[in-house]
Each structure stands twice: as structure tokens, then as C-alpha cells.
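Counting convention: from 1, in listed order, for ligands and their atoms alike.
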Amino acid sequence: MRRGQGIGGHLVANVASLRRLPQLVASLWAAGPGLASAILVLRLIRALQPPAVLYVAKLIIDEIVARSAAGAGSFQLADLQQGGALSPLAGLILLEFVLVAGDAVLSRVDRLLEQMLGERHANRLGAALIRQADALDLAQLETGEIQDRLQRARNQSVMGNSLLGQMLNQAQDAVTLIALVAGVAAFAPALVLLLAFALLPSLLGEAYFNSLRYGLDKEATARRREIDYIRYVGANARTAKEVKLFGLGAYLAGRFTTLAGSLHVASMALARKRALWGALFGILSALSYYGAYGYIAFRAVQGDISLGELTFLAGALMRLNALFERMILGLTQIADRALYLEDLYSFFELVPGVTEPERPLPFPEPVRQGIVFENVGFRYPGKEGWVLRNLDLTIRPGETVALVGENGAGKTTIVKLMSRLYDPTEGRILIDGIDCRAFALADLRRHVGVIFQDFVKYNFPAAVNIGVGRIEAVADRERMDAAAEASLAADVIARLPAGYDQVLGDMFTSGVELSGGEWQRIAIARAYFRDAALLILDEPTAALDARAEAAVFARFRDLSRGRTAVFISHRFGTVRMADRIVVLDRGGILEAGSHDDLMRRDGHYAALFRLQAEAFQ
Ligand SMILES: Nc1ncnc2c1ncn2[C@@H]1O[C@H](COP(=O)(O)OP(=O)(O)OP(=O)(O)O)[C@@H](O)[C@H]1O
């Protein structure tokens, strides 16, 4: 929000913040139409209760006044009945009791139903969020802005529940308000004007401050992200080792205090201004309330209105005053939260760039000609430089290809393109002559098994950790044994207290943490368990000891016979086993051939190979 925008602009911004509310209402409705209708009916009944209570109180007082005027004398218990039925007075008192007690019961039922609906809605939203994140491109998820939005969307999926309650309160209060104002208008129309006078400034003021708050929040997004990150780094088991040894605690705490302090100063300045204006508006509304009170007292003394009407009007005024206060506060809270709905729903509206073909072609089985990179160029979205450029590469079926190159040469990026985590910016990737964008994503990915260097360490049982390779076959123990055997994970499993059922990782108390190399064996087992035609391992053996690495690769060669395998490694002892070695440099191919070819050529590869070999001599 820019300064000097004027109250009109602020109001528009405030209303704009509410534009996502209908979407929330629709998704709440979809979560339980029956529940939602029941809640609406209950809220409507409850909304009309306060004016009804006041009106019955008016009737009771008028009845009492009428009886004393008629000289009925002191009240006897026998007066409660009249001619075998309840007297009008007793009937009214009973009605008042039913109204009050009934509301107490209805409010409990209502709360229960709202909790049910809220939880159902949050669960649906949570699942939808995971599905949408899955549908989006890696490139989208990797941008800071989307991560931010996702984080806030995750919070919102729970916050939606409190918004439900607040919106219903607001709607209920609005109905009560209308009913009370109609009641007041029936007896003393002039009062309504007075009330509007008290209400309007508060409303405009709240709207103005809401939008200022929003502007402040928006401005502070980057700082808030950094604060959250520092909080994470500073108080977290995963970073604790380094934070302790480098003595970073004081540095992080200091940075946190500075950033949080700057936010605090801005938000307090606004809060002070808001408190001051709030107090002024409060005085204004108290003035109009007592002005109105004086007016009706005067009319009652003059005999223009009955004692019962006086009671009704005084009660209605008191309630209206409280209702205004509550509604304005509610409006602020709703507007506050509704702002963050924007994050939730705009996240759902993101459209993936890696798209499904309209009429997908079947993935060739088996692949006969291989995978061809045809003049491929790639730039990360929103980034300047080319990571890959003019890349021509053919991977023949049944071949084992090693990608080597210095850090940042683009090896992992090639793997991501092959599995369509990204699409090339230029050129095409063909599988048996067909652009890989012509296959259904799931079909393509079913035929590719990738283990990245930063594979996920799932804090799930060991069996699931391997089974994620092909989750629909997670119960197939025979297949799992074979995969664990091939990746040397079988030894790791055998040492676990609960074997395959052992939860891994340190997140849950029942978990057992593995060493880096042990985790890696589990991850490689995933690749074997997947049993895909194209197997890709991105630095799969970096954490393995020398003996394990040799064993893993001996098996890898055996097991990948007849299928295409691509691996990335910085260890030349491993790389030399490949049928073909592709040396990448700054996004292009420097040289390619078998180990013997490349050594004979005596180029970059031979130099690097010797460098590594010398280190061991
Ligand atoms: N998500 C990303 N967004 C922007 N740039 C990226 C992203 N991932 C990688 N890069 C950049 O792309 C280039 C190639 O990265 P890539 O991960 O493909 O290299 P690599 O050859 O696998 O390196 P290493 O041997 O270090 O694993 C690097 O310069 C890197 O900075």
C-alpha cells in the first residue's frame, strides 16, 4: 500500500482482500453440504434469538405494568395459572426460558458441527495441497516466491477453520443487527440515524488500518522469510553440529534480534496509531449510545413509549453497541486472514509448465534406437545464463554411460531433463525418434528410475524406503529382497532391530538413524526395486566405502545389462567401468568415448584421470 493513497484506495484494497472468501465458502460447502446447511439453519435461528428475547421481555414488562395498573395487587403463585391454563405472564416467562436455554443447547450443537466441518475441510485441503504441489513443475517449486506461498498456504489450510467460525459469527451478528435495527426503527426511527453516525467512522477507520497492515505485511515478506530461516538454522537438530562447532549461536541470535526488531518497530508504530484512533472511535460510539439512551428515557418520561418499549429499546441499544464492536473486530480479523487466502488459492491456480500431451503416444517397449539430445539448450527459469547449450548426445539402448565434469558443468541438469522434471529451453529430447513431450508424464517416468545425489531420507520403515521406488509393489518381499541384495542394503536391513519394519531416521523416537553410506545403499535399492528400462544414478556411491563401491558397481554392471544406465560420478575408478564416458564442460560435450579411447586421446579426461590416480600413489 503506497502512502497517500487516500481512504478510498484503502477501502478498495480491503475489499479486494475479501475476494477469495467466496472460494473458501465454496470449498467449505463442498467438504460437507449437509453439515454446512445444518450449520446455516442453526446460525439463523440463533441470530434471531436476541431480538426475540428482548421482545418477550418487553411483553413481560408491559403485562406486569398492565396488571399493576389494573390493581391486581401483590403477586401470588396461583397467578401463574388462569382458568386451568398458564396465565399470559407465566407463559411469557416460560417462553423466555425456552429461548435462553434453547440457545445454550443450539450453540453447543453448532460448535460440534462446525468442528466436524472444519476438520473435514482442512483434511481435504491438506490432500489437495499435496496433489497440487505434485502437479507443479520442479522449476516452479524451486523458486523462493512459490516456496513462500506454499508455506503460507500450508498454514492457511488449517487457518481456514477459524475463518469458518469467524465468518459465521459475522453473518449471525449481521442478521441479529438487522433484526434489532428493524425493531428499533419500529419504535423510534430517529435512533437508527444516530447509530449509523456512530458506526460509519469506526468502519472506515478499521478498513483503513487493515489495508495499512496488509501493506506492512507484504513489504516485510522477504524479511519474515529470512527470520524464519534463521530461526530454523539456529534451533534445529540438523544444523546443530555446525552451529555449535562454529560457535554461530550468538551470531544467529543477533541477526534474528535485528531483523525481528525492525519488523516490531514498524508494526508497533501502526498498532499505536490504531489504538489511538480506536479509542477516539470508541468515545464517539459511547457518546451516540448514551445520546440515544437519553433520548428514549426522555420519550418514556413523556409517555410516548411504554415501559416495555423502553426496556426493549435500552436492551437493543446495549446489544447493538456490543454487536458493532464485535463485528468491527471480526471484520478486522477476517480481512487479516482473508489476505492470506490469496496465498492459498493463488497456489491452487498455478498451472504447470511441463504439460501432458493431448494425445499421448505409448512409450516404446523396448527402446530400440535410444535417447537422443538434439541441440538441447537449457536455462533455469528466471535465470540469465545457459546451463546447457547446443548439446547433442545419443545414449544407445543397453549402454552404460558415465557423465563426468566439474561442479556445475550441468550433469544433474541433463538427468532432470531426461525425466522431464524440466523441459529444454531449446532443442528436443527424443526417445526412439519421438519427442519425449509426446508421452504421458507418468508413462515416461515409469520407465525411468533416477536416484539423485540428494535423495530423500524418508522417516518411514525400511521397507517403504526401498518400496518408494515402485510404491504399488511395496508389499512384494521377493522383489525387495532382490533389490536389497543388489544394492548391498541387505546387510543394513539385517542389522536393524525390526528389519524391514524398522522406521529409519531421527525424526521419530522409534527411528534408527543410518550412516551416510547405509542410507545410500537403501537409496540404490530403490533404483533396483523400480526396475526401469532407463536407470540413472547421480553420484550414487559418493558416501560408500571403497570396498562397497567396487561391489555396488560390479553388480550394477551385471544387473544393468540389457538396460540403459546413466551414472554421474567424480570417482574415476568407477567411471572407467562405463561403456562410454561423456565429459561435460560448461554445458557442452568436451569429449566422449570409452576409457581406453579417452586415455589414448590424452585430452581433458586423461589429465583428470591421471590427477586422481597420482593422488593415490
Ligand atoms: N534450481 C536451480 N536454479 C537455478 N540454477 C540452478 C539450479 N540448479 C542448478 N543450477 C545451476 O545450473 C548449473 C549446473 O548445475 P548441475 O546441478 O547440473 O551441475 P552438476 O554438473 O551436476 O554439478 P555437481 O558436480 O556439483 O553436482 C550450475 O551452475 C548451477 O548453479
Once you restrict both partners to nitrogen or oxygen, which atoms of ligand 1 have a protein partner under 3.5 Å, and how far apart are they?
| residue | atom | partner | partner atom | Å |
| --- | --- | --- | --- | --- |
| ligand 1 | 1 (N) | Glu142 | OE1 | 2.8 |
| ligand 1 | 8 (N) | Tyr380 | OH | 3.3 |
| ligand 1 | 18 (O) | Thr412 | N | 3.4 |
| ligand 1 | 18 (O) | Thr413 | N | 2.9 |
| ligand 1 | 18 (O) | Thr413 | OG1 | 2.5 |
| ligand 1 | 19 (O) | Gly410 | N | 3.4 |
| ligand 1 | 21 (O) | Ala409 | N | 3.2 |
| ligand 1 | 21 (O) | Gly410 | N | 2.9 |
| ligand 1 | 21 (O) | Lys411 | N | 2.9 |
| ligand 1 | 21 (O) | Lys411 | NZ | 2.9 |
| ligand 1 | 22 (O) | Thr412 | N | 2.9 |
| ligand 1 | 22 (O) | Thr412 | OG1 | 2.7 |
| ligand 1 | 23 (O) | Gly408 | N | 2.9 |
| ligand 1 | 25 (O) | Asn407 | ND2 | 3.2 |
| ligand 1 | 25 (O) | Lys411 | NZ | 2.7 |
| ligand 1 | 25 (O) | His570 | NE2 | 3.1 |
| ligand 1 | 26 (O) | Asn407 | ND2 | 3.0 |
| ligand 1 | 27 (O) | Gln453 | OE1 | 3.2 |

Under 4.0 Å between a side-chain nitrogen and a carboxylate oxygen: does that hold for Arg389 and Glu426?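 The answer is yes: the pair qualifies as a salt bridge.
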Answer yes or no: is there an ion pair linking Arg131 with Asp134, defined by an N-O contact shorter than 4.0 Å?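 No salt bridge links Arg131 with Asp134.
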If you define the side chain from C-beta out and look only at heavy atoms, does anything of Arg445 sit under 4.5 Å from Leu421?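 They are in contact (side-chain heavy atoms under 4.5 Å apart), so the answer is yes.
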All ring pair (Phe, Tyr, Trp, His ring centres under 6.0 Å) counterparts of Phe378, not counting sequence neighbours: Tyr380, Tyr422
Side chain to side chain donor-acceptor pair (under 3.5 Å) involving Thr425 - partner list, sequence neighbours excluded: none
For Arg255, side-chain contact (heavy atoms from CB on, under 4.5 Å) partners two or more places apart: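 So Arg255 forms a side-chain contact (heavy atoms from CB on, under 4.5 Å) with Glu226, Ile230, Tyr251, Leu259.
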